[in-house]
Q: 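Below: one structure in structure tokens.
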2 protein chains.
Amino acid sequence: MYPNLPPLNAMRAFESAARNVSFTLAAKELFVTHGAVSKQVKILEQYLGVNLFIRQHRKLVLTEEAKPYLAKVQSALQTINSATQELISQPQLAQRIAINVLPSLTINWLIPSLESFKLSNPNLFVDLSIGDFAIDFSQHQYDIAIRSATKKPQGCNVLKLMDEDLCLVCSPQLAKKMTSLQDINKMTLLEHTSRPGLWRFWADDIGITITTDNKFGMEHFYMLSQAAVSSMGVALIPRFFVSQQLADGSLVIPFSAGFVSPYSYYLLTPTASPLPLKVQSFIDWLLPLFAPYR
Amino acid sequence: MYPNLPPLNAMRAFESAARNVSFTLAAKELFVTHGAVSKQVKILEQYLGVNLFIRQHRKLVLTEEAKPYLAKVQSALQTINSATQELISQPQLAQRIAINVLPSLTINWLIPSLESFKLSNPNLFVDLSIGDFAIDFSQHQYDIAIRSATKKPQGCNVLKLMDEDLCLVCSPQLAKKMTSLQDINKMTLLEHTSRPGLWRFWADDIGITITTDNKFGMEHFYMLSQAAVSSMGVALIPRFFVSQQLADGSLVIPFSAGFVSPYSYYLLTPTASPLPLKVQSFIDWLLPLFAPYR
DNA sequence: ACAATGCGTGAGTTTTACTCACACTATAAA
DNA sequence: TTTATAGTGTGAGTAAAACTCACGCATTGT
């Protein structure tokens, strides 16, 4: 029926490579290596018997023949893309997506952002829940989970979002009362109760001594950030969690003495290939938000 | 860039299945098993989160959602198909295809048919040569070869065209002089010199005895067919090779005492995946011509 | 002069696609 | 009613495709 239909995965590589005029950039876009793109394009060229690129020393040039071809291929891919969008946008085909996220990430960041996801995916209903337990997708019916861990989780699809970039924060008022790092011993140290060793690790890392026992423990980072805003003391909080407060000035970084903790943040999905479109849509929305912190 | 682009190989399976409203028919079209199509469609459905078919007991029905989706997908595939056709039809991109075919197949069948290939592939120039030697594509620069053999050739892509269906032929004049199979002992037996045992095998197979030594050897089937037309004697020739003569009455089958020889005809191409489009085009043209004989 | 950038490629691995063989069940035929 | 048949689903195993890795090469920019 379609006797001239080329290998379609190779077409996709060609389209991206041609649009970017670069195999390396196309590779980033497609989440593969540049070698993979190079080979797929070569497969297409050998199938067609036509050169699509002129390989120059360090750059690519589309051949004259490839230009109109690219335009039509893009049109076709766009047709499929929008047809798929329309398909899943039909009200009677509304889908639900169940997401389980770490408490502080939910409170300080996800909930304020979710409205924009809702706007661009009106047909996708989010069931949001909070959790920090170990995820077993055969037990819990979640489509997506976000967790922190010191090593890459096993047994499911994993996408690393960012490392945990801890920074010292306090209210502007409190910051004025400190002139050197040692002054934090005059303050209340707001402590994450699940990470009791954190102040010690931090102090060792940057080479100061903690002499005070004046600590206040709280269960979650978002509680710590609220406490810090209220001038209760200084806290060590992942930068990402307090980006809003740092932006509006309710929290400041008195000394740039952060350190990268051994924890990283991961997005977990049930093992499935390819990832369902609704899950992919959420990831596509989410990833750019993390981009500045990667 | 195309955030909703589904797995494209699965799309192709869906399109064929939807058009045929049958996984089995789609499988035939795509040269795979029905199970493969079934699984690809399921992959697409799980990706989309949308059912595309209602599986009834022994038949398929497209869901209402799938109908407009199918139309757009077909339009996209058609765009790619025709863009590819246009690409390779550009005069400056004319290609050559080197084909090496068995002597009799060339003379009796391929040459008379080639004009129709030329008409539908004006941008593809055929270099035709005759040969019956063993093909080694690393030695010979052919894109396609056709050979006969008693077992499937190794070391290259192989497509079986047909079994060798030998039939007894002679001119209408000679046929009148025979009333029973035993009468062939009164005739000259036209013999293929590369297949000296052929008359013996045939006689054993259908249970008669050859008592005459009146034989005439020739190198190729097309010489035998010419000799038979000229009333020189009776011959055993693959049906496919004398289809023209049987159709126009210059040869007849006096007794339907053919037999299927151990030889089959194979189309050979160099190992390559996917097959270049120019090669695929030739095969697409050629296969229907063999269809009645398969 | 030297590091950095971008593409090509062979070997080896992972992922995807497919086949095979069988199960299931409604029609059609006996 | 029984039996054959045709079409689809599916688990296990295999074949094929796609990708990664690590390196080579040549050019650009500092």
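Residue numbering restarts at 1 for every chain, and letters A, B, ... go by the order of the sequence lines.
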Q: Starting at atom NZ of A/Lys42, determine the distance to atom P of C/dG8, rounded to an integer number of angstrom.
A: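 Distance, rounded to whole Å: 6 Å.
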Q: Looking across every strand, which nucleic acid part, if any, lies under 4.0 Å from B/Arg58 by heavy atom: base, sugar-phosphate, or nothing?
A: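 If one applies the 4.0 Å heavy-atom cut-off, B/Arg58 turns out to touch a base.
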Q: Rounding to an integer number of Å, can you tell me how far A/Lys28 NZ sits from C/dC7 C1'?
A: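 So the two atoms are 13 Å apart, to the nearest Å.
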Q: Could you tell me whether the side chains of A/Asp163 and A/Ser264 share a donor-acceptor contact shorter than 3.5 Å?
A: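 There is such a pair between these side chains.
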Q: Taking atom CG of A/Leu267 and atom CZ of A/Phe282, what is their separation to the nearest 0.5 Å?
A: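 CZ of A/Phe282 is found 7.5 Å from CG of A/Leu267.
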Q: Is any side-chain nitrogen or oxygen of B/Lys59 closer than 4.0 Å to OP1 or OP2 of C/dA26?
A: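 B/Lys59 to C/dA26 OP1/OP2: no side-chain N or O under 4.0 Å.
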Q: Please give, in whole Å, the distance from C/dA26 P to B/Gln56 CD?
A: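 Rounded to the whole Å, the gap is 12 Å.
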Q: Bend angle of the helix from C/dA1-D/dT30 to C/dA30-D/dT1 from five-pair axes at both ends, rounded to 10°?
A: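 Rounded value for the end-axis angle: 30°.
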Q: OP1 or OP2 of C/dT5 less than 4.0 angstrom from a side-chain nitrogen or oxygen of A/Thr24, does that happen here?
A: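 It does not, given that no N or O in the side chain of A/Thr24 lies less than 4.0 Å from OP1 or OP2 of C/dT5.
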Q: Return the value, rounded to whole Å, for the distance between atom CG of A/Asn51 and atom P of C/dG8.
A: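 That distance rounds to 11 Å.
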Q: How close or far is atom C1' of C/dA17 from atom CG of B/Leu44, stated in whole angstroms?
A: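 Taking CG of B/Leu44 and C1' of C/dA17, I get 15 Å after rounding.
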Q: State, without any angle test, whether B/Asn157 and B/Thr271 hold a side-chain donor-acceptor pair at a distance under 3.5 Å.
A: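 On atom types as modelled, these side chains do not qualify, holding no pair under 3.5 Å.
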Q: Nearest to the B/His57 side chain among C/dC7, C/dT27, C/dA17, which nucleotide is it?
A: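 Of C/dC7, C/dT27, C/dA17, C/dT27 is nearest to the side chain of B/His57.
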Q: Mind calculating the distance between NZ (A/Lys39) and P (C/dA11) to the nearest angstrom?
A: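 That distance rounds to 10 Å.
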Q: Measure the distance from CZ on A/Phe23 to P on C/dT9 and round it to the nearest whole Å.
A: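 Distance, rounded to whole Å: 11 Å.
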Q: How do B/Ala36 and B/Ser273 order along DNA chain D: which one's closest nucleotide is nearer the 5' end?
A: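 The residue whose closest nucleotide sits nearer the 5' end is B/Ala36.
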Q: Need two values: the first and the last nucleotide of DNA chain D, 5' to 3', having an atom under 4.0 Å from any heavy-atom of chain A.
A: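 Footprint of chain A along DNA chain D, 5' to 3': D/dA18 to D/dT28.
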Q: Could you state the atom-to-atom distance from CD of A/Gln40 to C1' of C/dT15 in whole Å?
A: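 After rounding, the gap between these two atoms is 13 Å.
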Q: Would you give the length of the straight line joining atom OG of B/Ser148 to atom OH of B/Tyr263, rounded to the nearest 0.5 angstrom?
A: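 So the OG of B/Ser148 and the OH of B/Tyr263 are separated by 6.5 Å.
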Q: Would you say C/dG8 has OP1 or OP2 under 4.0 Å from some side-chain N or O of A/Ser38?
A: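 Looking at the OP1 and OP2 atoms of C/dG8, one of them is under 4.0 Å from a side-chain N or O of A/Ser38.
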Q: Can you say whether the rings of A/Phe53 and A/Phe14 are parallel (under 30°), tilted (30 to 60°) or perpendicular (over 60°)?
A: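 Ring orientation of A/Phe53 relative to A/Phe14: perpendicular.
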